[in-house]
K.L.:
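Here it is, the structure in full.
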Amino acid sequence: MSEPRTITDPADPRLADYTGLTDVELRRRREPAEGLFIAEGEKVIRRAVDAGYRMRSMLLTPKWLEVMSDVIADTDAPVHVVEPGLAEAVTGYHVHRGALASMERKPLPEAAELLAGARRVAVLEGLVDHTNLGAIFRSAAALGMDAVLLSPDCADPLYRRAVKVSMGAVFAVPYARLDPWPDALDGVRAAGFQLLALTPAESAVDLAEAAPHRMPKAALMLGAEGDGLTRRALDTADRWVRIPMSHGVDSLNVGAAAAVAFYAVNATA
């Protein structure tokens, strides 16, 4: 059990993991390089611990000490107790959930390792919005996807915002990077998957007609909000599929489209 220690100086080096959490560029460079990520909120911290991530330290405001007492009792990582104003000074925002933890990353698996035991995977290209990425991981976990494969330019699933939006679902669905892109998609096909590219193009087949739920193995490809999949990625796909739209709407937000497609590929009817 770690003994909680009160800290009163925002420049205390023990708080280094938590500095400037709102500086996206800084954190995007720093966190993978230092092998850490930040879990925010009681539920997310618990899910990270349950998923086997090792805690480096915890940052709590006083009222969260009792709530997190069992987590504290089970860790030997230092527990830093700070007043809300000091937490804001360190992190750069109002930490209204009152609980943060710095966690150690795990080595990413190879894509081939994930594909070997999977039937339903999501393939994401160029997803740089952490909110969309977190929403997609949450849907992937809830709707039975086995893995998520990311192009090299996709955002970090363990960035604080993505973890928060996913409610910790990024810990439940394994993921890997596909590199080089899009050539690595050939390896997905070689593993027995049909590559289905989600696109609003008129030439695409309606998702229901494509019947992905009947395919032994299916990989659903989704592109970034607005631009969608690149032409190179589309040309690699086995089929183009679309979600039918009504009332003059041309497409869905990528997070919503992913949820619809994940449900369709796992339908039992």
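Reckoned from all heavy atoms, side chains included, excluding hydrogens, waters and symmetry mates.
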K.L.:
Connecting only ILVMFWY residues whose side-chain heavy atoms lie within less than 4.5 Å of each other, what is the rest of Val95's hydrophobic cluster?
P.N.:
Ile7, Leu15, Tyr18, Leu21, Leu36, Ile38, Leu59, Val82, Leu86, Val90, Tyr93, Leu100
K.L.:
Under a 4.0 Å N-O cut-off, is there an ion pair linking Arg27 with Asp23?
P.N.:
no
K.L.:
For Leu114, what are the other residues in its hydrophobic cluster, where any two members join if their side-chain heavy atoms are less than 4.5 angstrom apart?
P.N.:
Leu115, Val121, Val123, Leu149, Leu178, Trp181, Leu185, Val188, Phe193, Leu195, Met221, Leu229, Leu234, Trp240
K.L.:
Thinking salt bridges, do Asp238 and Arg189 make one under a 4.0 Å N-O criterion?
P.N.:
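A salt bridge is present here (some side-chain N lies under 4.0 Å from a carboxylate O).
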K.L.:
Go through Arg161 and Thr131 one step at a time and tell me if the side chain to side chain contact (heavy atoms under 4.5 Å, CB included) criterion holds.
P.N.:
CA-CA 6 Å; Arg161 180 64 180 168; Thr131 299; 3.2 Å; yes
K.L.:
Do other residues, nucleotides or ligands put more than 12 heavy atoms under 6.0 Å from Glu104 CD?
P.N.:
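Result for CD/Glu104: enclosed.
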K.L.:
Treating Arg28 as the side-chain partner and Ala155 as the backbone partner, does any N or O pair qualify as donor plus acceptor under 3.5 Å?
P.N.:
no
K.L.:
Indicate yes or no: does Asp17 engage Arg30 in a salt bridge with an N to O separation below 4.0 Å.
P.N.:
yes
K.L.:
For Arg47 and Met167, indicate whether the former's side chain and the latter's backbone hold a donor-acceptor pair under 3.5 Å.
P.N.:
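A pair under 3.5 Å: yes.
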K.L.:
Please determine whether a side-chain nitrogen of the Lys or Arg among Arg105 and Asp156 lies less than 4.0 Å from a carboxylate oxygen of the Asp or Glu.
P.N.:
yes
K.L.:
Please check if the number of heavy atoms outside Lys106 that lie under 6.0 Å from its NZ is greater than 12.
P.N.:
yes
K.L.:
Testing Asn132, Ile136, Val254 one by one against Leu124 for a side-chain contact (heavy atoms from CB on, under 4.5 Å), which residue passes?
P.N.:
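Passing option: Ile136.
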K.L.:
Would you check if Val71 and Glu42 make a side-chain contact, meaning some heavy-atom pair closer than 4.5 Å?
P.N.:
no
K.L.:
For Val128, what residues pass the side-chain contact (heavy atoms from CB on, under 4.5 Å) criterion, not counting sequence neighbours?
P.N.:
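Listed in chain order: nothing, the list is empty.
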K.L.:
Look at the side chain of Ser102 and the backbone N and O of Ser57, then say whether any donor-acceptor pair between them is shorter than 3.5 Å.
P.N.:
no
K.L.:
Should the pair Tyr159 and His130 be assigned to parallel (<30°), tilted (30 to 60°) or perpendicular (>60°) ring geometry?
P.N.:
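Because their plane-to-plane angle lies in the 30° to 60° range, the rings of Tyr159 and His130 count as tilted.
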K.L.:
Can you tell me if Arg5 uses its side chain to pair, donor with acceptor, with the backbone of Val81 under 3.5 Å?
P.N.:
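A pair under 3.5 Å: no.
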K.L.:
Donor-acceptor check, side chain of Ser166 to backbone of Val163, threshold 3.5 angstrom: yes or no?
P.N.:
yes
K.L.:
Report yes if the side chains of Arg242 and Asp206 come closer than 4.5 Å at any heavy-atom pair, otherwise no.
P.N.:
yes
K.L.:
For the pair Lys217 and Asp146, find out whether any cationic side-chain nitrogen is under 4.0 Å from an anionic carboxylate oxygen.
P.N.:
no
K.L.:
Measure the CG-CG distance between Leu65 and Leu60 for me, rounded to the nearest 0.5 Å.
P.N.:
5.5 Å
K.L.:
Quick check against the 3.5 Å criterion: does Ser2 have a side-chain atom that pairs as donor or acceptor with the backbone of Ala77?
P.N.:
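At least one qualifying donor-acceptor pair exists.
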K.L.:
How close do Pro62 and Glu83 get, heavy atom to heavy atom, and via which atoms?
P.N.:
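Residues Pro62 and Glu83, closest heavy atoms: CG-OE2, 3.5 Å.
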